[in-house]
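So the structure is just underneath, and the comments pick up after that.
This structure is a prediction, so every number in the text was calculated from the model and none was measured.
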Amino acid sequence: HGWTVEPEWIALAPGVVPSLNMLVRTFTQPGDGVILQPPVYHPFYMVIDNNDARVVRNPLRLVDGRYEMDFDDLEAKAADPAVKMLLLCSPHNPVGRVWSEAELSRLGEICNRHEVLVVADELHADLMLYGSVFQPYAALGQAFADNTVVCSAASKTFSLAGMHTANIITPNPALREQVAAGLRKAAMFGSNPFGAAAVQAAYDEGED
């Protein structure tokens with residue numbers, strides 16, 4: 001996808017949803033706001049509620065049969081000093097939007113301006129149809145990479161969810177230290193050998 005990921009940026013986890021749960025716990029305090037863009041995958045609500053944070057809704061707008069982000073509403077919600085994080089679903093589940101570079105850049109500029117951490121769930125990145133091109137959030141530029149933690153896995157692409165192998169990718173060293181501490185506290189470390197072998201086989205030997 002045109003994004004160079006350094007090996008030291010990657011931490012292993014048993015899944016994207018457990019990773020999101022750990023990240024909310026690590027980067028928010030009870031009562032802090034976490035922005036969601038509904039309609040969105042229902043476990044996003046759970047990982048916020050599990051950690052005594054507060055769901056802040058920035059609903060997508062359905063315009064002529066196509067879902068779009070409401071940037072004016074996002075600006076207003078992100079401006080609240082108690083809002084600390086945005087869970088970005090990219091590509092979006094369930095509405096099927098592959099967010100454009102312009103849309104992601106505008107979202108990122110708002111979050112950077114208000115010091116809102118972007119946690120990007122990019123689980124569906126490989127499943128592009130109809131000529132769509134996936135834009136990795138952290139590849140937008142250094143300012144965006146410095147304020148994000150990206151979660152990914154081979155589980156949707158190759159139907160490997162049962163292998164319990166996912167990635168937490170953190171370009172920013174300071175954030176990466178916090179992620180590592182959060183993983184230790186959650187006893188989430190390493191990967192099972194079967195899962196690792198399955199992921200390697202899928203990416204190295206998988207057919208088009």
Side-chain angles (χ1 to χ4, degrees), residues 1-5 9 16 19-20 23-24 27-28 32-45 47-48 53-152 156 167-172 174-176 179:
H1 303 298
W3 179 32
T4 300
V5 177
W9 297 355
V16 168
S19 300
L20 297 177
L23 292 167
V24 172
F27 289 103
T28 70
D32 284 348
V34 179
I35 298 174
L36 299 182
Q37 295 180 308
V40 72
Y41 185 49
H42 67 91
F44 277 35
Y45 293 92
V47 302
I48 298 171
R54 176 171 49 88
V55 173
V56 177
R57 292 171 174 81
N58 168 227
L60 301 178
R61 301 168 58 243
L62 187 58
V63 180
D64 296 328
R66 175 184 172 88
Y67 280 95
E68 298 179 353
M69 295 186 189
D70 186 339
F71 292 107
D72 290 339
D73 181 71
L74 176 60
E75 182 86 52
K77 302 288 173 59
D80 180 351
V83 170
K84 303 298 185 183
M85 178 183 289
L86 180 144
L87 295 184
L88 172 66
C89 197
S90 178
H92 195 282
N93 177 14
V95 310
R97 274 301 315 278
V98 180
W99 304 117
S100 68
E101 180 177 348
E103 288 170 315
L104 292 173
S105 294
R106 189 169 177 188
L107 175 144
E109 288 164 359
I110 291 170
C111 289
N112 287 359
R113 184 159 55 248
H114 297 291
E115 299 183 346
V116 174
L117 177 67
V118 176
V119 173
D121 171 2
E122 298 186 347
L123 187 58
H124 294 87
D126 294 329
L127 301 177
M128 296 295 99
L129 298 173
Y130 317 120
S132 296
V133 176
F134 172 70
Q135 170 63 53
Y137 182 81
L140 290 168
Q142 192 65 47
F144 302 96
D146 282 344
N147 188 46
T148 191
V149 179
V150 176
C151 298
S152 71
K156 296 300 183 189
N167 311 300
I168 303 173
I169 306 171
T170 315
N172 183 325
L175 295 180
R176 192 157 64 242
V179 169

Restricting to non-hydrogen atoms, name the atom on Val116 and the atom on Val83 that form the minimum distance, rounded to 0.1 Å. CG2-O, 3.7 Å
Heavy atoms, side chains only, cut-off 4.5 Å: are Phe134 and Ser90 in contact? yes
Within this structure, what is the CG-NE2 distance for the pair Leu36 and His42, rounded to the nearest 0.5 Å? 13.0 Å
Can you find a pair of side-chain heavy atoms, one from Leu107 and one from Leu86, that are under 4.5 Å apart? yes
Between Val98 and Val133, is a side chain to side chain contact (heavy atoms under 4.5 Å, CB included) present by the stated rule, with each step listed? CA-CA 7 Å; Val98 180; Val133 176; over 6 Å; no
Are Asn147 and Asn172 side-chain neighbours, meaning at least one heavy-atom pair lies under 4.5 Å? no
Would you confirm whether Asn167, through its side chain, and Ile169, through its main-chain N or O, come within 3.5 Å as a donor-acceptor pair? no
Using every non-hydrogen atom in the two residues, find where Pro39 and Pro94 come nearest and quote the distance to one decimal. O-CD, 3.3 Å
Where is the tightest heavy-atom contact between Cys151 and Leu23, given as atom of each residue plus distance? SG-CD1, 3.8 Å
Under 4.5 Å between any side-chain heavy atoms of Leu87 and Val40, yes or no? no
Can you tell me if Ser132 uses its side chain to pair, donor with acceptor, with the backbone of Met128 under 3.5 Å? no
Please find the pair of heavy atoms, one from Phe44 and one from Leu20, that lie closest to each other, and give the distance. CE1-CD1, 3.6 Å
What's the shortest heavy-atom distance between Met85 and Phe27, and which atoms? CE-CB, 3.6 Å
Closest non-hydrogen contact found for Trp3 with Glu122 is CZ3-OE1, 4.4 Å
Enter the distance from Ile35:CD1 to Cys111:SG here, rounded to the nearest 0.5 Å. 6.0 Å
Side-chain donor-acceptor pair under 3.5 Å between Asp126 and His1, yes or no? yes
Nearest 0.5 Å, please: how far is OG in Ser100 from CZ in Arg106? 11.0 Å
Can you find a heavy atom in the side chain of Glu103 that is under 4.5 Å from one in the side chain of Gln135? no
Could you tell me whether the side chain of Arg176 reaches within less than 4.5 Å of the side chain of Trp9, counting heavy atoms only? yes
Would you say Glu68 has more than 12 foreign heavy atoms packed within less than 6.0 Å of its CD? yes
Would Val150 and Val5 count as a side chain to side chain contact (heavy atoms under 4.5 Å, CB included) if you check the C-alpha gap in whole Å, the side-chain angles of each, and the deciding distance to 0.1 Å? CA-CA 11 Å; Val150 176; Val5 177; over 6 Å; no
What's the separation between atom CD1 in Ile110 and atom CG in Leu74, rounded to the nearest 0.5 Å? 4.5 Å
Considering only heavy atoms from C-beta outward, does the side chain of Tyr41 approach that of Val16 to under 4.5 Å? no
Does some side-chain heavy atom of Asp73 sit less than 4.5 Å from a side-chain heavy atom of Pro59? yes
Would you say His92's side chain and Gln37's backbone share a donor-acceptor pair under 3.5 angstrom? yes
How long is the span from the CG atom in Asp70 to the CZ atom in Arg57, to the nearest 0.5 Å? 15.0 Å
Say you draw a straight line from CZ of Phe71 to CG of Asn58; how long is it, rounded to the nearest 0.5 Å? 8.5 Å
Are the side chain of Asn93 and the backbone N or O of His124 linked by a donor-acceptor pair below 3.5 Å? no
Using modelled atom types and a 3.5 Å cut-off, is there a donor and acceptor pairing between side-chain atoms of Thr28 and backbone atoms of Val24? yes
